[in-house]
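Single-structure report; data block below.
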Amino acid sequence: MQLYLSQTLKIHNSLSGKKEIFKPLNEGHIGMYVCGPTVYSNVHLGNCRTFMSFDMIFRYFKHLGYKVRYVRNITDAGHLVDDAEDGEDKIAKKARLEKLEPMEVVQRYTVDFHNILQKFNFLPPSIEPTATGHIIEQIEIIKDILEKGYGYEKNGSVYFDVAKFNETHEYGKLSGRKLEDMIANTRELTAQDEKKNPQDFALWKKAEPQHIMRWPSPWGDGFPGWHLECTAMSTKYLGETFDIHGGGMDLKFPHHECEIAQAEASNGHSPVRYWLHANMLTMNGKKMAKSTGNNILPGEIFTGDNDILSKAFSPSVVRFFMMQAHYTSILDLSDDALLASEKGHHKLMDALNAIDNLETGNTSDFDIANWKRECYSAMNDDFNTPILIAKMFDAVKHINLIKENQQSITKGDKKELQATLNAFVFDVLGLEGKSNSDSDSGKLSGVVELLIQLRKDARDNKDFATSDKIRDQLAALGIQLNDGKDGTTFNVI
RNA sequence: GGCAUCGUGGCCGAGUGGCUAGGCGCAGCUCUGCAAAAGCUUGUACAGCGGUUCGAAUCCGCUCGAUGCCUCCA
């Protein structure tokens with residue numbers, strides 16, 4: 001029996017604003033679409049948080065036994081620098097500034113994106129389509145929207161007629177906005193504006209003669225609008241209606257609102273059953289922005305090469321830090337918070353490593369079945385990873401007490417405990433233990449063991465000056481000696 | 001200015017109309033030549049002011065503050 005049959009999963013649907021019981025369209029199968037990055041610069045750490053939240057959700061679905069088709073796109077064209085008439089494609093702009101072919105920009109930052117995600121231990125999505133690979137599909141949708149009367153062409157560009165759409169549909173239902181309010185709060189159109197109303201958005205933009213990124217269309221050479229690609233790709237791979245659409249909170253308006261409008265205008269019905277929005281990551285209480293310097297790249301955290309944090313942090317520690325907050329809450333990154341997470345992560349991994357060597361007994365002081373139920377309840381309650389992690393630490397406490405012979409566990413319970421911990425910590429949360437498998441670790445441990453032996457001799461002779469010298473100098477190199485009852489061990493920090 | 005979300009102990013963060021997560025720090029203890037590391041034990045907090053209620057940090061109103069969107073941004 002698949003696990004999902006015995007679990008009731010509730011998820012917060014942004015469209016209704018409520019937690020709803022999740023039932024996929026087709027039993028056992030889930031279609032999930034998440035708006036991917038625009039590859040015009042290094043991937044933003046906040047962006048990573050969003051993708052990490054959906055990676056965790058993807059992992060949990062898989063853990064429950066669902067067959068998931070997870071589509072996460074790469075935006076490699078069409079995302080305008082601003083929505084004004086002279087709006088320039090983000091990638092084209094970057095290419096111009098760096099004197100590169102647009103596809104060089106795309107390639108460079110797509111590689112960076114994958115590289116960082118791999119470090120964070122992301123599972124690859126089932127399909128990772130690109131906007132430029134789906135121009136034909138996008139043109140077809142535009143034709144459809146034009147035919148149904150919700151769009152209009154002007155000088156080789158095509159716009160979505162929001163006012164017309166709003167007559168028979170509800171534009172703004174996802175973000176809680178009303179068209180009238182939007183009209184009252186937007187600036188006047190300038191004389192050369194092609195749009196009928198400021199709320200209208202581009203489906204197709206005419207390419208100026210010097211523009212390199214261009215494709216032929218019934219309306220002349222141009223490129224597709226940003227909102228359209230997601231509609232085209234989600235429809236193509238997941239169908240006109242699919243289960244889950246995710247993205248960052250900041251995409252709710254206008255991007256996701258426009259997706260709903262485009263799909264409803266062309267198909268006549270709402271595309272998504274559950275909308276999920278991941279919240280923002282701030283740093284030291286402030287929004288992360290390049291302009292203010294309050295910004296850090298993921299790679300800079302891993303190497304420690306930055307002015308913001310006191311040291312380097314491993315991808316798994318950063319992942320653990322992010323998983324300690326609920327995906328719908330704003331999370332604040334700081335040196336203190338990461339330091340705290342690093343210690344917690346370490347404690348968790350130590351306990352996981354200790355399970356193998358636990359001695360078993362005839363009784364258990366730990367109600368594994370109940371604990372396991374609580375783990376699932378946490379995840380079933382809108383993917384509450386902070387509670388899940390708290391449950392993991394419940395287990396850690398028991399493991400340590402068993403290790404100290406203050407509690408006992410049966411053989412069967414130990415096996416169950418280990419399997420459950422591994423499933424949640426590694427498969428669902430996607431954390432990774434410390435990699436002690438360096439190619440030279442054999443040599444290193446030989447050398448350190450030798451020093452430990454010399455130190456022991458010194459201690460036995462009460463030559464503490466020598467023993468402390470060995471300890472302190474190793475510590476300075478990042479090798480920590482741990483004196484225990486049964487001798488000394490070491491850790492590489 | 002409009003829309004939205006939020007304000008929890010020293011810090012990070014769950015939760016929720018009564019039973020008060022978790023991590024880190026601090027403190028105590030165990031261990032130790034001394035430490036470190038590790039482990040155990042320990043914390044009645046919920047922006048302010050009103051209101052609803054037998055009972056609110058949790059619901060309602062107002063005030064203050066933060067963040068996001070409205071304009072490129074996950």
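Naming: A, B, ... by sequence-line order, numbering from 1 per chain.
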B/rG15 versus B/rU8 - spacing of their C1' atoms, nearest Å: 10 Å
With a 4.0 Å limit, can you tell me whether A/Ser341 has a side-chain N or O closer than that to the phosphate oxygens OP1/OP2 of B/rC24? no
Distance, C1' atom - from B/rG7 to B/rA45, rounded to whole angstrom: 13 Å
Kindly indicate whether the side chain of A/Arg177 and the base of B/rC70 share any N or O donor-acceptor pair separated by less than 3.5 Å? no
Using heavy-atom distances to pick each residue's nearest nucleotide on RNA chain B, tell me which of A/Gln324 and A/Arg459 is more 5'. A/Gln324
Centroid distance under 5.5 Å and plane angle under 30°, A/Phe464 vs B/rG33: yes
Test of understanding: with salt bridge (charged side-chain N to carboxylate O under 4.0 Å, His left out), list the residues that count as partners of A/Glu257, not counting sequence neighbours. none
Closest nucleotide among B/rA14, B/rU67, B/rG33 to the A/Ser329 side chain: B/rA14
With sequence neighbours excluded, what pairs up with A/Asp307 under the side chain to side chain donor-acceptor pair (under 3.5 Å) test? none
Gap between atoms CG and P, on A/Leu388 and B/rG15 respectively (whole Å): 13 Å
Residue A/Asn482, side-chain atoms from C-beta onward, closest of B/rG25, B/rA21, B/rA37: B/rA37
Bracket string, RNA chain B, 5' to 3' - pairs by Watson-Crick or G-U geometry under 3.5 Å, | interstrand: (((((((..(((.....[...)))..((((.......)))).....(((((..]....))))))))))))....
Rounded distance in Å - CZ (A/Arg72) to P (B/rA74): 13 Å
B/rC26 to B/rG68 separation - C1' atoms, rounded to the nearest Å: 35 Å
Quick one: list whatever passes side chain to side chain contact (heavy atoms under 4.5 Å, CB included) with A/Thr132, sequence neighbours left out. A/Asp76, A/Ala77, A/Met103, A/Thr130, A/Trp215
Measuring from the side chain of A/Phe253 (C-beta onward, heavy atoms only), which nucleotide among B/rG22, B/rC69, B/rA74 has the closest atom? B/rC69
In whole angstrom, give me the gap between the P atoms of B/rC6 and B/rG61. 14 Å
Write down the distance separating the P atoms in B/rC31 and B/rA35, rounded off to the nearest Å. 12 Å
Can you measure A/Asp335 atom CG to B/rG25 atom P for me and round it to whole angstrom units? 14 Å
A/Ser467, nearest nucleotide to its side chain (from B/rG33, B/rA74, B/rG13): B/rG33
To the nearest 0.5 Å, what is the distance between SG (A/Cys48) and CZ (A/Arg319)? 10.5 Å
Is A/Arg471 side chain donor-acceptor paired with the B/rA35 base, going by distance under 3.5 Å alone? yes
In whole angstroms, how far is the P atom of B/rG15 from the NZ atom of A/Lys10? 14 Å
Send over the distance from A/Met249 CE to B/rC70 C1', rounded to a whole Å. 15 Å
From the options B/rG39, B/rA37, B/rC34, select the nucleotide whose nearest atom is closest to the side chain of A/Asp468. B/rC34
OP1 or OP2 of B/rG68 under 4.0 Å from side-chain N/O of A/Asn279: no
With nearest nucleotides of RNA chain B determined for A/Ser175 and A/Asp381 from heavy-atom distances, which residue corresponds to the more 5′ nucleotide? A/Ser175
Could you pull out all residues at least two apart from A/Asp243 that satisfy side chain to side chain donor-acceptor pair (under 3.5 Å)? A/Arg273
For the rings on A/Phe61 and A/Phe54, is their centre-to-centre separation under 6.0 Å? no
Short side-chain N/O contact to B/rC24 OP1/OP2 from A/Lys347, under 4.0 Å: yes
Consider the side chain of A/Ala340, meaning its heavy atoms from C-beta on, and name the nucleotide among B/rC24, B/rC12, B/rG39 that approaches it most closely. B/rC24
Test item: A/His44 and A/Asn295 side chains (from C-beta on) under 4.5 Å apart, heavy atoms: yes
In whole angstroms, how far is the P atom of B/rU30 from the NZ atom of A/Lys403? 19 Å
Test of ring centre spacing under 6.0 Å for A/Phe320 and A/Phe313: no
Picking from B/rA21, B/rA74, B/rU67, which would you name as closest to the side chain of A/Met280? B/rA74
C1' atom, B/rA66 versus B/rA38: distance in rounded Å? 39 Å
Of the options B/rU5, B/rG22, B/rG39, whose atoms approach the side-chain atoms of A/Ala390 most closely? B/rG22
Among B/rG13, B/rC34, B/rC12, the one nearest any side-chain atom of A/Ala337 is B/rC12
Have a look at A/Leu281 and say if it touches a base, only the backbone sugar-phosphate, or nothing, with a 4.0 Å heavy-atom cut-off. base
When the P atoms of B/rG50 and B/rC40 are compared, how many Å lie between them, rounded to an integer? 44 Å
I'd like the C1' distance from B/rG65 over to B/rC59, given in whole Å. 22 Å
Sorted by chain and residue number, the side chain to side chain donor-acceptor pair (under 3.5 Å) partners of A/His12 (sequence neighbours excluded) come out as none
Under 4.0 Å, counting only non-hydrogen atoms across every strand here, what does A/Leu481 touch: a base, just sugar-phosphate, or nothing? base
Rounded off to whole Å, could you give me the CG-to-C1' distance for the A/Leu401 and B/rU30 pair? 13 Å
Can you find a donor-acceptor pair, distance only, under 3.5 Å between A/Asp483 side chain and B/rA35 base? yes
Of the nucleotides B/rA38, B/rU41, B/rA74, which has the atom closest to the A/Lys397 side chain? B/rU41
Given atom CD1 of A/Ile470 and atom C1' of B/rG33, what is their separation to the nearest angstrom? 15 Å
Before accepting this row, confirm whether a basic side-chain N of the pair A/Asp460/A/Lys456 lies closer than 4.0 Å to the acidic partner's carboxylate O. yes
